[in-house]
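Notes for the one structure printed next.
Values reported hereafter were calculated over all heavy atoms of this structure, with side chains retained and with hydrogens, waters and symmetry mates removed. Residue numbers start from 1 in every chain, and the chains themselves are labelled A, B, ... in the order their sequence lines are given, proteins ahead of strands.
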Protein chains: 2
Amino acid sequence: MTPRELLKDAGLRITAPRLAVLEWLADHPHATADQVAEGVRARLGAVSTQAVYDVLNACARTGLLRRIEPAGHPARYETRIGDNHHHLVCRRCGRTEDVDCVHGAAPCLEPSATGGFTVDEAEVLFWGLCPDCRTATKELQA
Amino acid sequence: MTPRELLKDAGLRITAPRLAVLEWLADHPHATADQVAEGVRARLGAVSTQAVYDVLNACARTGLLRRIEPAGHPARYETRIGDNHHHLVCRRCGRTEDVDCVHGAAPCLEPSATGGFTVDEAEVLFWGLCPDCRTATKELQA
DNA sequence: TCGTTTTCTTGACTGATTCCAGAAAGCATG
DNA sequence: CATGCTTTCTGGAATCAGTCAAGAAAACGA
């Protein structure tokens with residue numbers, strides 16, 4: 001589906017900032033709001049920060065985008081949705097990559113005891129160092 | 001081990017704020033920095049916010065405390081460490097509860113492809129609504 | 001084309017957390 | 001049990017990601 005169709009189906013108005021955000025994000029997964037704003041401005045010229053946040057929030061709310069919020073790092077967004085995959089996050093730079101599920105379909109999706117909670121999502125985050133940061137850290141220590 | 005011994009073994013100086021934080025947190029798991037500060041002040045009198053953050057960071061760094069940072073909520077701390085258990089977080093109020101691992105020892109600890117990352121932790125967070133917030137939400141809708 | 005509704009702009013604001021400089025402990029040593 | 005070095009605490013300013021609010025501008029159903 002094109003971004004245009006996606007917006008329409010989600011009941012959102014079709015605007016230049018929205019199209020630009022969705023298109024740019026399709027080519028640059030796991031980008032931060034800041035990076036999205038930069039990318040969108042490169043295409044459209046001036047776009048307010050607020051507009052970018054509005055678009056990201058509206059799309060995340062309607063399921064067009066998925067938001068990942070790794071502890072200690074700004075949120076990142078991706079257009080790959082619908083398949084519950086997980087993420088690999090670099091502790092140092094926040095770089096994020098997709099990880100498909102190991103144990104088949106839905107791993108760890110069932111907590112052993114919900115304590116009365118109504119669970120609607122299981123989030124799995126793998127923490128570590130990306131290749132670049134590993135190299136950088138080693139050099140620091142040497 | 002007493003808080004005193006824990007600090008000593010970790011190579012941290014034994015100070016009133018540190019003892020108070022560890023003791024209070026042992027009785028109040030999953031507390032936020034704010035709640036910890038309040039609890040500590042109730043015992044010791046004036047303690048700066050900064051001191052509380054310093055203690056929490058120092059203890060988290062040396063492994064005496066575990067920090068949980070649910071997206072959109074302030075960080076929470078707990079003294080239950082060493083057994084890689086997971087958490088159940090309420091989307092609405094941030095209330096956090098422990099969840100033991102379903103699939104035996106280390107579930108989902110192995111991503112299918114690390115993409116060059118060095119993984120050192122697998123974090124699993126279950127999102128949902130706690131009993132109180134579920135009730136509150138229902139009432140709102142009614 | 002019009003009027004309603006949503007979205008965008010600008011700018012101020014918030015909440016959690018960190019940075020900084022100096023004062024006040026802790027503790028290994030003599 | 002003094003001494004001095006080092007870590008920690010205080011107080012206050014600053015940061016950062018993100019939100020709130022009011023008015024202007026654009027979308028789209030009729």
Side-chain angles (χ1 to χ4, degrees), chain A residues 3-22 30-38 40-41 43-62 64-65 67-77 89 91-94 96, chain B residues 3-22 30-38 40-41 43-62 64-65 67-77 89 91-94 96:
Chain A
R4 190 168 226 100
E5 294 167 333
L6 286 167
L7 287 170
K8 194 155 201 180
D9 286 4
L12 294 172
R13 291 190 174 171
I14 292 152
T15 70
R18 285 180 176 174
L19 291 173
V21 165
L22 290 177
H30 309 129
T32 61
D34 238 32
Q35 294 167 333
V36 172
E38 214 177 313
V40 166
R41 285 183 190 125
R43 295 202 180 180
L44 297 184
V47 177
S48 73
T49 303
Q50 190 55 42
V52 174
Y53 275 103
D54 283 350
V55 173
L56 293 174
N57 284 335
C59 292
R61 184 164 29 82
T62 52
L64 264 49
L65 291 179
R67 187 203 325 250
I68 311 145
E69 301 183 60
H73 296 277
R76 285 163 182 271
Y77 299 85
V89 182
R91 285 191 190 282
R92 210 149 163 279
C93 68
T96 304
Chain B
R4 191 168 224 100
E5 293 168 331
L6 286 167
L7 287 170
K8 194 155 199 183
D9 286 4
L12 294 172
R13 290 190 175 171
I14 291 152
T15 69
R18 285 182 178 172
L19 291 174
V21 165
L22 291 178
H30 309 130
T32 61
D34 239 31
Q35 294 167 333
V36 172
E38 215 177 312
V40 165
R41 285 184 190 123
R43 296 203 181 179
L44 298 183
V47 177
S48 72
T49 304
Q50 189 55 42
V52 174
Y53 275 102
D54 282 352
V55 173
L56 293 173
N57 284 334
C59 291
R61 185 164 29 80
T62 52
L64 262 50
L65 291 179
R67 184 201 330 246
I68 311 145
E69 300 182 62
H73 297 278
R76 285 163 183 271
Y77 299 84
V89 181
R91 285 191 190 282
R92 208 146 164 283
C93 67
T96 305

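Between Ala20(B) and Leu44(B), the shortest heavy-atom distance links the atoms CB-CD1, 3.7 Å. Of all heavy-atom pairs spanning Ala33(A) and Tyr77(A), the tightest one is N-CE1, 4.3 Å. The heavy-atom pair separating Pro3(B) from Leu22(B) by the smallest distance is CB-CB, 3.9 Å. The nearest pair of heavy atoms linking Pro74(B) to Thr32(B) is CG-CG2, 4.2 Å. The heavy-atom pair separating Val89(A) from Gly94(A) by the smallest distance is CG1-O, 4.1 Å. The shortest non-hydrogen separation linking Ala71(A) to Glu69(B) is CB-CB, 3.2 Å.
For His73(B) (side chain) and Arg91(B) (main-chain N/O), a donor-acceptor pair under 3.5 Å exists by modelled atom type. Formation of a donor-acceptor pair under 3.5 Å by the Arg67(B) side chain with backbone atoms of Leu56(B) is not found in this model.
Residue Arg61(A) contributes atom CZ, which lies 12 Å from atom C1' of dT7(C) at whole-angstrom precision. Between Ile68(B) atom CD1 and dT17(C) atom C1' the separation is 17 Å, expressed in whole Å. Atom CG of Leu44(A) and atom C1' of dC8(C) are 12 Å apart (whole Å). For the pair Asn57(A) CG and dC8(C) P, the interatomic distance rounds to 12 Å; values are reported in whole Å.
Here Ala75(B) lies in heavy-atom contact (under 4.0 Å) with sugar-phosphate atoms only. At the heavy-atom level, Asp34(B) lies nowhere under 4.0 Å from the strands shown. Ala46(A) comes within 4.0 angstrom of sugar-phosphate atoms only, judged by non-hydrogen atoms across all strands, and of no base.
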Between N or O atoms, less than 3.5 Å apart, protein on one side and nucleotides 13-15 of chain C on the other: list the pairs.
none

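Summary for the helix from dT1(C)-dA30(D) to dG30(C)-dC1(D): the axes at its two ends, each from 5 pairs, differ by 40° when rounded to the nearest 10 degrees.
Of the residues in residues 7-19 of chain A, Leu12(A), Arg13(A), Thr15(A), Pro17(A), Arg18(A) come within less than 4.0 Å of DNA chain C through at least one heavy atom, sorted by number.
Where DNA chain D meets chain A (any atom under 4.0 Å from a heavy atom), the bounding nucleotides read 5' to 3' are dA17(D) to dC28(D).
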Q: Step by step, work out the side-chain contact (heavy atoms from CB on, under 4.5 Å) result for Arg41(B) and Thr49(B).
A: CA-CA 10 Å; Arg41(B) 285 184 190 123; Thr49(B) 304; 3.3 Å; yes
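Residues passing the ring-ring contact (aromatic ring centres under 6.0 Å, His included) test with His30(B) are His87(B), sequence neighbours excluded.
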Compile the donor-acceptor pairs under 3.5 Å between side chains in residues 4-15 of chain A and protein atoms, sequence neighbours left out, one pair per line.
unit_1, atom_1, unit_2, atom_2, d
Glu5(A), OE1, Thr2(A), N, 2.9
Thr15(A), OG1, Arg18(A), N, 3.3

